[in-house]
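Written out below as structure tokens is the structure these notes cover.
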Amino acid sequence: IFAAIEEENDLLMTDEDVEEMIVLAFELLCGRRIPMLVFAYRGRWELAAALDNMEKARSEYRIAQATGLSRIRALASFVNNQNLKQNPEQETFLLQINHSADLLVEQAESFLDQKAETLMTYCLKAKKQPKSADMRWVKEQADVLSESLALWKEIRKAYERIGRIHAVLIKASERWEKFISTFAVSDDKLQIGKGLRGLKVLEKEIALDAEQKSDVCQQLAVFLN
Amino acid sequence: PPVVVAPKRDWYKALIEARRLI
């Protein structure tokens with residue numbers, strides 16, 4: 001959800017995410033108060049910068065992960081549509097979009113394997129008996145295969161990106177650890193001061209007052225209509 | 001994250017064979 005907000009891209013949210021946001025909105029309308037802790041750091045700029053870098057890397061990593069997953073789901077939906085098109089009447093095996101990425105990739109891979117094999121076998125037969133070959137079918141199957149292949153490449157690209165960003169995140173977090181150990185006043189003592197410098201923890205609450213509730217209701221009504 | 005292998009040679013082979021036929 002954070003990834004979708006940061007990227008302003010609704011497609012990074014799943015249906016379940018949307019459902020949870022709607023539930024949360026209704027809970028807030030019913031008067032739920034959600035306690036939260038806010039962390040802030042004031043003090044040495046090196047530390048502040050290191051923390052900033054780490055947070056940035058972390059959020060980029062989250063976005064990359066969400067992007068990868070949405071690419072996988074795009075391929076899974078494509079596979080499902082093809083299976084439905086092929087057997088419109090029978091009960092078809094469909095990929096469960098909310099399954100884990102590993103499982104979806106595995107199933108998509110076997111779809112591509114199967115498509116390629118069927119097409120290859122047909123083409124070899126058609127070469128021997130060109131007159132009885134259904135060229136429209138061959139073209140259709142080739143289009144499906146090439147489109148799934150393109151989606152597969154997208155997934156691969158997204159996952160390579162996740163790997164690269166993960167490395168950046170590890171580096172940033174190592175840097176942060178290094179700064180912490182360099183600048184730490186004492187390793188094992190928690191120092192409590194006036195709160196001008198150091199890590200600040202604030203307790204806040206998310207809740208809606210009457211006016212805000214009315215705003216949310218108006219917005220929800222637009223969506224629901 | 002899942003291991004996403006490189007596109008397989010068989011996938012390309014089938015595509016090339018089909019395109020040749022068309």
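In this text the structure is predicted, and so the values were computed from the model without any measurement. In what follows, every chain begins at residue 1, and chains take the letters A, B, ... in the order their sequences are listed.
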| said: Below 4.5 Å, heavy-atom pairs only: which of A/L119, A/L112, A/T118, A/T121 has the largest tally toward chain B? | reply: A/L112

| request: Name the region of A/K153, side chain, backbone, both or neither, that has any atom closer than 4.5 Å to a heavy atom of chain B. | output: side chain

| Does some side-chain heavy atom of A/D113 sit less than 4.5 Å from a side-chain heavy atom of B/K8? | yes

| request: Give, for atom CD1 of B/I22 and atom CZ of A/R136, the distance between the pair rounded to the nearest 0.5 Å. | output: 12.5 Å

| said: Using every non-hydrogen atom in the two residues, find where A/R156 and B/V4 come nearest and quote the distance to one decimal. | reply: NH1-O, 2.7 Å

| task | Quick one: pull up CG in B/L15 and OG in A/S148 and give me the separation to the nearest 0.5 Å. | result | 9.0 Å

| Side-chain heavy-atom pair B/D10, A/M120 within 4.5 angstrom cut-off | no

| query | What part of A/E109 gets closer than 4.5 Å to chain B, counting heavy atoms only: side chain, backbone, both or neither? | reply | both

| field | Lys/Arg N to Asp/Glu carboxylate O, B/R19 vs A/D143, below 4.0 Å | value | yes

| With side chains defined as the heavy atoms from C-beta onward, is the minimum distance between B/E17 and A/Y122 less than 4.5 Å? | no

| How close do B/A18 and A/C123 get, heavy atom to heavy atom, and via which atoms? | CA-SG, 3.6 Å

| note | In this structure, CD of A/E117 is separated from CH2 of B/W11 (nearest 0.5 Å) by 13.0 Å

| Is it the case that more than 12 heavy atoms not belonging to A/Q114 sit under 6.0 Å from its CD atom? | no

| request: Without swapping roles, check the side chain of A/W152 against the backbone of B/V5 for a donor-acceptor pair under 3.5 Å. | output: yes

